[in-house]
Amino acid sequence: MANFTKNKIKPTMIRNNSVYPMGSNGMSVVFLNQTTMVFGDKDAVREAMDARDGISSNFLSNGDMVNEMNVVDTKAVWSLLDAKGTQTMMKSVLGDASQLADYDTVKNRMKSSRYTMDFQNGVKFDMAVVMSDTITAATAATLMKGVSILRKNSGSPLEKSALDQTTIDSNAGTLTVSYSSSDSQFASLLTSPLFQSVVK
């Protein structure tokens, strides 16, 4: 807030909420209280404010997502995605493999996804993608394993090491991906082309 004031950045008001622009990338942020903020593109922030203020339906009306939240909300960093968000995320993760015919079959059976990160002893990342059935989860795991092998062949030594430390599997209709490393290994991985291709 001090930085916004210093730079004379004026907020846009959404009802009683001051929404500040975050540079030239189109992102905005609103501080709801001393410990909570919402940030994202302008439309996403507005929709979040509408849900919070009861103008549109909110997250708590989605029983499936609330149940998923109970699985992750004790972790330091966590995220949940609905079916559409999961499809978008998986398309980015799979890259060229998302053009395969098998992916079209798989993507429409993605129900939700979640990930957690733990920093107690190094970095531990766990992702779960909930599918409609066990066969779809197994097919998605096979696709991801194939992508992993391709990226190992073309990646840097650091990326190959990271992929070696990644476990891809499926269980009871859920695709699982787990990765763990030391703090220094993870810090180096953040700047790698592999990481950038996943988060772009």
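Along the sequence shown, the residues carry numbers beginning at 1.
- Closest approach of A128 and T174 over heavy atoms only: CB-CG2, 3.7 Å.
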Verdict with supporting geometry, T116 and K124, side-chain contact (heavy atoms from CB on, under 4.5 Å):
CA-CA 8 Å; T116 62; K124 185 173 183 185; over 6 Å; no
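- F31 and I14 fall into different hydrophobic clusters, where Ile, Leu, Val, Met, Phe, Trp and Tyr residues are linked whenever their side-chain heavy atoms come under 4.5 Å apart, directly or through other members.
- Across all non-hydrogen atoms, the minimal contact from G173 to A137 is C-CB, 3.5 Å.
- Using modelled atom types, no side-chain atom of N7 and backbone atom of I9 make a donor-acceptor pair closer than 3.5 Å.
- Looking at M131 and M110, their side chains come closer than 4.5 Å, going by heavy atoms from C-beta outward.
- Residues satisfying the side chain to side chain donor-acceptor pair (under 3.5 Å) criterion with Q87, sequence neighbours excluded, are absent altogether.
- Considering only heavy atoms from C-beta on, S112 comes within 4.5 Å of M65 through its side chain.
- The closest side-chain heavy-atom distance from M27 to V45 is not below 4.5 Å.
- Side chains of S113 and Y115: no donor on one and acceptor on the other come within 3.5 Å.
- Between K111 and D64 there is no salt bridge, since no side-chain nitrogen of the basic residue lies less than 4.0 Å from a carboxylate oxygen of the acidic one.
- If you chain together hydrophobic residues whose side chains sit under 4.5 Å apart, M49 and F39 never meet in one group.
- For the atom pair M117 CE and S79 OG, the distance stands at 11.5 Å (nearest 0.5 Å).
- Here E47 contributes atom CD and S57 contributes atom OG; the two are 10.0 Å apart, rounded to the nearest 0.5 Å.
- Grouping the Ile, Leu, Val, Met, Phe, Trp and Tyr side chains by contacts below 4.5 angstrom, directly or via other members, places L32 apart from L60.
- Note that CG of D183 is 9.0 Å distant from CG of N121, once rounded to the nearest 0.5 Å.
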Which is it for V177 and T166 under the side-chain contact (heavy atoms from CB on, under 4.5 Å) test, yes or no, and what are the steps along the way?
CA-CA 7 Å; V177 179; T166 302; 3.7 Å; yes
Step by step, would you call V71 with W78 a side-chain contact (heavy atoms from CB on, under 4.5 Å)?
CA-CA 10 Å; V71 178; W78 59 270; over 6 Å; no
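- The backbone N or O of I55 sits nowhere less than 3.5 Å from a side-chain atom of D53 that would complete a donor-acceptor pair.
- A distance of 11.5 Å separates CG of L143 from NZ of K145, quoted to the nearest 0.5 Å.
- Side-chain atoms of V130 and R114, non-hydrogen and from C-beta on, do get closer than 4.5 Å to each other.
- D50 and R15 are joined by a salt bridge, as a carboxylate oxygen and a charged side-chain nitrogen come within less than 4.0 angstrom of each other.
- Distance check: K107 NZ to M90 CE gives 12.5 Å after rounding to the nearest 0.5 Å.
- In this structure a side-chain-to-backbone donor-acceptor pair under 3.5 Å is present from T139 to I135.
- Scanning both residues, N58 and S61, for their nearest heavy atoms gives O-OG, 2.6 Å.
- In this structure, the side chain of D82 engages the main chain of G85 through a donor-acceptor pair within 3.5 Å.
- Counting all heavy atoms, side chain and backbone alike, T136 lies closest to D133 at N-OD1, 2.7 Å.
- Between K75 and D126 the shortest side-chain heavy-atom distance does not fall below 4.5 Å.
- In terms of heavy atoms, S56 sits closest to A51 at OG-N, 3.4 Å.
- The shortest heavy-atom contact between F4 and P21 is CE2-O, 3.7 Å.
- Judged by distance alone, the side chain of S92 and the main-chain N or O of T88 form no donor-acceptor pair under 3.5 Å.
- The OG atom of S180 lies 12.0 Å from the CZ atom of F125; values are rounded to the nearest 0.5 Å.
- Between the side chain of T142 and the backbone N or O of A138 there is at least one donor-acceptor pair closer than 3.5 Å.
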Using side-chain contact (heavy atoms from CB on, under 4.5 Å), reason through R52 and V38 one step at a time and then give a plain yes or no.
CA-CA 11 Å; R52 176 180 180 261; V38 174; over 6 Å; no
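- A 4.5 Å side-chain heavy-atom check between M22 and S28 finds every atom pair outside the cut-off.
- Put simply, L150 and L163 are part of two different groups of oily side chains (I, L, V, M, F, W, Y) that touch within less than 4.5 Å, one to the next.
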